[in-house]
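See structure below.
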Amino acid sequence: MPEPVAFIDEKFVPASEAKVSILEPTFTKSDVVYDTLSATDRLIFRLDDHLDRFQNSCDAMAIKPPYERDELKGIIAECIDRSGYDDACATMMGTRGPYNDISSRDPRDCQNGLIVVAVPYYYVMPKDKRDSGINISVVDNRRVSADAVDARVKNFNWMDLTRGLLEAYGKGGDSAMLCTSDGKLSEGPGFNVWISKNGRLLTPRGNLLEGMTRRSIFELAAEIGVEAIESDLYPDDLRGADEAFSTTTAGAVTPITQVDSKPLGNGAPGIMTTQLSDRYWSRRKEGWHGTLVDDLLVKEPAGSA
Ligand code: PLP
């Protein structure tokens with residue numbers, strides 16, 4: 001497998017050479033926003049939607065990466081192309097960057113930057129559980145409150161999610177379901193959650209990342225004539241669901257077949273879950289929301305000698 005390629009400081013480099021200074025608030029304060037998209041068969045999925053979300057995240061934190069949208073598209077395509085992966089995940093990061101003055105701690109006084117890296121397509125949920133389904137633990141650790149951190153701004157402030165994940169592992173789960181401070185279902189470390197009940201699909205609303213895969217499920221549900229809504233949901237809604245699944249760019253639809261180590265429904269991936277998963281991949285293979293990497297490659301990309 002060739003080494004991932006990154007774009008940093010205006011150059012394409014092997015990802016192992018892409019470094020962030022320990023003096024930068026990008027690192028010391030996790031002052032960075034990001035977005036992750038995927039490509040299958042060199043078709044980037046929902047490119048413009050990801051770039052819109054990335055732009056919103058940058059705007060929310062007043063981070064201005066020094067590239068126009070079309071340049072960013074070219075850089076993403078170039079990272080995927082140079083990495084040599086037909087199936088890839090690419091992450092773009094808008095960084096606060098180094099302080100202009102070493103003795104300043106003013107975030108307005110920084111040179112904002114852009115980092116992009118393409119890696120082989122990966123799975124947030126254990127890959128071997130895609131067929132059998134995962135065991136999700138409803139954890140005591142809460143998702144950060146919307147008053148403190150806007151989860152719609154895609155960020156690396158993962159203390160709540162990582163604590164939740166470690167708690168879930170400690171309980172024998174494959175991953176975690178975090179709730180809000182008032183006990184409603186929120187999301188997991190890197191994925192949204194869906195339940196199906198009496199033929200309807202429901203997903204939590206509130207302070208959570210509005211996932212691109214989640215958005216795709218709304219569209220796919222409409223295609224197959226299934227009602228899909230956002231709702232206030234509670235752990236018992238998950239435990240009593242007919243089916244449940246997680247959604248994320250890195251892994252798409254994963255069935256949830258156990259909650260707190262107890263079988264959900266009959267303990268097997270549900271029919272609607274499987275139908276949506278199959279449809280997601282077949283629609284992507286048809287080019288649904290797809291942009292070909294080759295159509296974005298520019299003759300002389302940024303960072304070329
Ligand atoms: N929720 C969180 C916290 C995430 O980090 C992610 C993806 O990284 C998701 C949900 C799913 O979002 P998407 O479908 O856009 O990948």
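When a ligand or atom number is given, it counts from 1 through the structure's own listing order. Positions are given from 1 along the sequence.
Partners of F54 according to the ring-ring contact (aromatic ring centres under 6.0 Å, His included) rule, which considers only residues two or more places apart in sequence or in another chain, do not exist here.
Protein heavy atom in closest approach to atom 12 (O) of ligand 1: G211 CA, 3.3 Å. Of the protein's non-hydrogen atoms, G190 CA, 3.4 Å is the one closest to atom 4 (C) of ligand 1. Nearest protein heavy-atom contact of atom 2 (C) of ligand 1 is E187 OE1, 3.4 Å.
Residue W158 has at least one heavy-atom neighbour below 4.0 Å for each of these atoms of ligand 1: 5 (O). Close contacts between ligand 1 and R53 involve ligand atoms 15 (O) [criterion: under 4.0 Å to a heavy atom]. Close contacts between ligand 1 and N192 involve ligand atoms 10 (C), 11 (C) [criterion: under 4.0 Å to a heavy atom].
With contacts defined as side-chain heavy-atom distances shorter than 4.5 Å, the pair Y280/L220 qualifies.
Proximity of E210 to ligand 1 is not established, as no heavy-atom distance is less than 4.0 Å. Residue K154 places a heavy atom under 4.0 Å from ligand 1.
Taking the centre of each ring, Y67 and F7 come in below the 6.0 Å mark. Remark: aromatic rings of Y85 and Y121 are distant, center separation not under 6.0 Å.
Around atom CD of E68, no more than 12 heavy atoms belonging to other residues, nucleotides or ligands sit under 6.0 Å away. Around the CZ atom of R42, the shell of radius 6.0 Å holds more than 12 heavy atoms that belong to other residues, nucleotides or ligands.
For ligand 1, the polar-atom distance check against T249 finds a nitrogen or oxygen pair separated by under 3.5 Å. Backbone and side-chain nitrogen or oxygen atoms of H50 are examined, and none is located within less than 3.5 angstrom of a nitrogen or oxygen of ligand 1. Considering backbone and side-chain N/O atoms, T36 never comes within less than 3.5 Å of an N/O atom of ligand 1. Taking distance alone, with nitrogen or oxygen atoms compared against 3.5 Å, T213 approaches ligand 1 more closely than that limit.
The parts of M212 lying near ligand 1 are both backbone and side chain, judged by heavy-atom distances below 4.0 Å. Residue-level proximity to ligand 1 for F156 is absent, since no heavy atom of it falls below 4.0 angstrom.
Judged by distance alone, the side chains of S16 and E3 do bring a donor and an acceptor atom under 3.5 Å apart. A side-chain donor from one of S216 and R46 sits under 3.5 Å from a side-chain acceptor of the other.
Just one of D260, N135, D140 meets the side-chain contact (heavy atoms from CB on, under 4.5 Å) condition when paired with K171; it is D140.
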